[in-house]
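Here is the structure we will look at.
Counting starts at 1 for both ligands and their atoms, following the listed order. Quick caveat: nothing in here was measured; it's all calculated off a predicted structure. Index from 1, following the sequence.
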Amino acid sequence: MKRMIFIATLLLGVSAAAQSVLSTDNTSLVIDASQGKSPKILYYGAKLSDADISSLISSGFASKDAYPTHNKNSDNLEALSVRMPDGNLSAELNVVSVDTKTWEGGKILSVLCKDPVYPLEVRLIYKSYDNEDVISTWTEIINGNKRKSIVLTRFDSGSLPIRRGDVWVNSFGGSWASEATLTCQPLGPGVRSIYNKDGIRNSQTSHAEVMISLDGKPRELSGRVIGAALCYSGNYELRFETGNDSCHRFYAGIDPSNSNYTLAGGECFVTPELALSFSTEGLSGVSRNFHKWGRKYKLAHGGKVNDILLNSWEGVYFNIDEPEMHQMMKDIADMGGELFVMDDGWFGDKYPRLNDHTSLGDWVVDRNKLPGGVEGLVEGAAKNGIKFGIWIEPEMTNSRSELFEAHPDWIINAPDRELVYGRGGTQLVLDLSNPQVQDFVFGVFDDIMSAWPQIAYIKWDANMHVPSQGSKYLKNQEHLYIEYHRGLAKVLDRIRAKYPDVAIQACASGGGRVNYGILPWFDEFWTSDNTDALQRVFIQWNTSYFFPAEAMGAHIGSSPNHTTGRVIPLKFRIDVAMSGRLGLELQPSAMSVKEKDMCRKAIADYKMVRDVVQLGDLYRIVSPYDDKGVSTKLYAAPDKERAVYFWYKTEYFRGDYAPVALLAGLDPEKNYRIRELNLVGRSLPFDGKVFSGKFLMETGLNIPDRNYGGGTHRDFASHVLYLVAE
Ligand code: DGJ
C-alpha cells in the first residue's frame with residue numbers, strides 16, 4: 001500500500017507540473033521541477049505521450065540533477081561552482097517557479113531556482129525547436145546581492161544525465177590542416193574532457209560538438225543517438241563523467257580556467273546555448289536535424305544556396321598583382337563561376353604585405369600591386385559578370401604595422417612580459433574587450449564596404465590564438481577570454497545591422513571557427529587549409545556531423561597538393577569539392593584547356609544539383625573510417641524527387657572488393673533515373689537507366705573500382721550519380 005502511494009505521488013508530481021515536459025515533433029525532455037527541490041532531468045529521448053510519461057516513472061527511471069552544483073553533489077563534478085562573498089564555496093539550487101511560453105518555433109521552459117541562504121538565483125532555460133527536433137539549454141545566473149560580488153568558478157550552459165550502458169562518443173579534434181579528425185570511443189569510468197583554450201580559433205583543435213550513441217558503436221543510419229553542440233565562439237570545456245551510479249553525466253560550458261567570472265551585485269551572467277538533438281535514425285539522423293536547424297536559425301542567409309567561387313590564396317599566395325587578378329576573374333567567369341575572392345596580400349602602405357611578417361591593421365590598398373585600386377578590380381569583376389570578394393583579418397596586427405606603432409596598448413599581452421608573437425614571428429592579437437578596438441575593427445569592415453559597396457563577400461580570417469593573457473583595458477584580467485568574445489559579438493552585431501546582405505566567410509587558419517556560436521553572423525566557413533581531396537573526404541565527412549554542405553567551403557586544389565604533396569586526378573578533386581560549397585583554390589592559368597573544360601562542365605552540373613547538395617538531407621552511408629576502401633554518401637531533396645550520390649575510392653588494393661553500393665534516403669516507391677556527372681571515359685551500365693528507390697536501397701549498384709577511361713590508375717576512382725524521380 002505504501003509503495004502504491006509513493007508511485008502515485010511521483011505521478012502527480014510530474015503530471016501536475018505538465019510544463020516540465022518539453023517535446024519537439026519526435027523527442028521529449030522531461031524535467032522534474034518540484035518546488036523547493038533541486039531541478040532534475042528524468043528523461044531525454046524519443047517523444048513520449050502523457051501515458052508514456054507515467055510508464056517512464058513506473059519503469060524505474062531515476063531522475064538526476066539537471067544542473068549539479070558544488071558541494072551538494074561533492075562526489076560528482078559540478079555544472080556550477082561559486083565563491084560567495086563570505087568565502088562559502090557551496091551553492092544550493094531549489095526550484096521556485098516554472099514558466100512556459102511559446103515562440104514561433106516551439107516553447108521555452110524556464111525553471112527559476114534560488115539558493116535558500118544566499119541571494120543567488122539561477123534560471124535554467126530549455127528551448128524547443130519543434131520541427132528540427134532540437135532542444136537547447138542555457139542558464140541565467142543572477143547575483144541578487146546589490147552590493148557584494150559572487151565569483152563564478154564554473155558556469156556550464158547545461159548538464160545531461162545519460163543512462164549507463166554501451167554508450168559511445170564521437171568527438172572531433174585535430175590541428176591545422178587536419179581539423180575535425182574523428183575519435184570514436186566507448187565511455188568508461190572517470191572523466192573525459194574535450195576542450196579548447198586557443199582563445200580565438202575554437203575548432204582548430206577540439207570541436208565543441210559530440211555525438212553520443214546510446215546503442216553501442218554508433219551507426220550512420222540506425223540507432224539512438226544524441227548530438228550536442230555548444231554554441232560559443234571562445235574557450236570551452238565539454239566533460240563526460242562516469243562515477244559509481246547509474247548514469248554518465250555530460251557537462252558543457254565556457255572553459256573556466258583562468259576565467260573565473262566576478263558577478264557584480266545585481267548582474268546576470270547568461271551562458272551560451274547548448275543545443276541537443278536526439279534521433280533513432282543514427283548519426284545521420286542527428287546530423288539532418290542539426291543541418292535543418294543550422295540553416296534555419298544559426299547561419300546568416302541559411303537556406304539560400306551559396307556562390308561558386310575562385311579564391312586567390314593557393315593560386316598566388318601573397319603575390320597579388322593586378323593583371324593576374326584580372327586574369328583569374330576572367331578564367332573563373334569563363335568556367336561559369338560566380339564570385340572571385342582576392343585573398344591576403346592586397347594591402348599595406350608603409351609596410352606592404354609581401355609576406356606574413358607585416359601589415360595587419362593597415363587596411364589600405366598597396367598601390368604598387370594594385371595601381372587601379374580595388375575599384376578597378378570590382379569593375380573588372382562586373383565586366384566579367386561575376387561578384388567580387390576580399391580578405392581581411394581585422395582582429396589582428398603585426399609589430400611591423402602602422403597600427404601597432406600608433407596603438408601599442410591595443411594588443412593582448414600579459415603586463416610586464418615580453419610580447420608573444422604568432423604567425424610570421426610578428427603577429428599580435430588586438431584586444432577586443434576595449435571599446436576603442438571594437439570601433440576600429442568595425443571601422444575596417446565599414447571602410448571597405450563604404451569605399452567599394454559592390455563587394456559581395458568578405459573572407460574574415462583569424463590566424464592566431466590569445467598568446468599571453470593580459471589586457472591594458474580590463475581591470476579584471478580573468479574576464480579577458482569572455483570579454484574578447486563579447487566585444488567580437490558587438491562588432492559583428494554592428495556589421496550585420498549595417499550590412500545585412502553581404503556574404504561573410506568565417507576562416508581561422510582554415511577550419512578554426514566552425515561553431516554555431518559564431519556562425520549566426522557568417523554565411524559559411526573555410527573548412528580547412530588542407531585542399532588535398534583524399535584528406536578532405538575525411539575532414540568533410542566529420543564536419544558534416546553538425547554543419548550543412550551549404551556552409552562548408554570545399555575547393556578544387558592543385559595537384560600535387562600544396563599541403564600534402566599528393567597527386568590526385570582532377571576528376572576526384574572535383575567530385576570531392578562538389579559535395580560541399582564548390583569552389584576553386586588554384587591558379588587557372590596553370591590548368592590545361594582540357595582541365596578547364598572539365599571544371600566548366602562540373603560547375604554547370606553543380607548548378608543543377610546545388611540545391612540538393614547544399615540544402616538537402618544528408619545520408620552518410622559508408623564511412624571512410626570503416627576500411628572498406630570506399631566512402632559513400634547521398635544528399636536527397638526534402639521531397640525525395642532528386643538525389644545526389646557520391647562514391648569515392650579512398651584506397652585500392654588488388655583483390656579487395658568494395659561493398660555493393662547500397663543507397664539510402666530515397667523513396668522506396670519512386671523510380672529514379674540515374675545520370676552520372678563528371679563522367680570520365682565509358683559510361684557505367686546503369687547510366688541513363690531507371691531503378692526503384694527500393695531496389696537501390698536494398699539491392700544496390702555494382703560500381704567498378706576504377707573510372708573507365710581513367711587509365712589503369714585505380715586509387716582515387718570516384719563517381720557522382722544524379723538521381724531524378726520520374
Ligand atoms: C589562412 C587561411 O586559412 C587561408 O585560406 C588564407 O586566407 C591565409 N590565411 C592568408 O593568410
For ligand 1, which atoms sit closer than 4.0 Å to a heavy atom of G510?
3 (O)
Could you measure the distance from the CE atom of M578 to the OH atom of Y635? Nearest 0.5 Å is fine.
11.5 Å
Does N311 reach ligand 1 with a nitrogen or oxygen that is under 3.5 Å from one of the ligand's nitrogen or oxygen atoms?
no
Classify the ring geometry of W293 against F290: parallel below 30°, tilted from 30° to 60°, perpendicular beyond 60°.
perpendicular
What part of E393, side chain from CB on, backbone N/CA/C/O, both or neither, has a heavy atom under 4.0 Å from ligand 1?
neither
May I ask you to list the atoms of ligand 1 that are less than 4.0 angstrom from any heavy atom of C507?
2 (C), 3 (O)
Which residue and atom name correspond to the protein heavy atom nearest atom 9 (N) of ligand 1, and how close is it?
D461 OD2, 2.7 Å
Going from OG on S287 to CE on M211, what distance comes out if it is rounded to the nearest 0.5 angstrom?
3.5 Å
For N398 versus S401, what's the shortest heavy-atom pair and its separation?
O-OG, 2.8 Å
Parallel, tilted or perpendicular: rings of F388 and F340 (30°, 60°)
tilted
Can you measure from CG (N413) to CG (L428) and round to the nearest 0.5 angstrom?
7.0 Å
Which protein heavy atom lies closest to atom 3 (O) of ligand 1, and at what distance to 0.1 Å?
D529 OD1, 2.5 Å
Contact partition for A508 relative to ligand 1, non-hydrogen atoms under 4.0 Å
neither
Considering only protein heavy atoms, which is closest to atom 6 (C) of ligand 1, and at what distance to one decimal place?
D343 OD1, 3.4 Å
May I ask you to check if ligand 1 and W313 share an N or O to N or O distance below 3.5 Å?
no
Within 4.0 Å of some non-hydrogen atom of D344, the atoms of ligand 1 are 10 (C), 11 (O)
R581 vs Q505 side-chain heavy atoms within contact, under 4.5 Å:
yes
In terms of atom number and element, which parts of ligand 1 are under 4.0 angstrom from non-hydrogen atoms of K459?
4 (C), 5 (O), 6 (C), 7 (O)
Can you tell me how the ring of F347 sits relative to the ring of W363, calling it parallel under 30°, perpendicular over 60° and tilted otherwise?
tilted
Report the part of R423 in contact with ligand 1, treating N, CA, C, O as backbone and CB onward as side chain, heavy atoms under 4.0 Å; options are side chain, backbone, both, neither.
side chain
Evaluate the ring planes of W452 and W346, with Trp represented by its six-membered ring, and classify them as parallel (under 30°), tilted (30 to 60°) or perpendicular (over 60°).
perpendicular
Looking only at heavy atoms, is any part of D356 under 4.0 Å from ligand 1, and if so is it the side chain, the backbone, or both, or is it neither?
neither
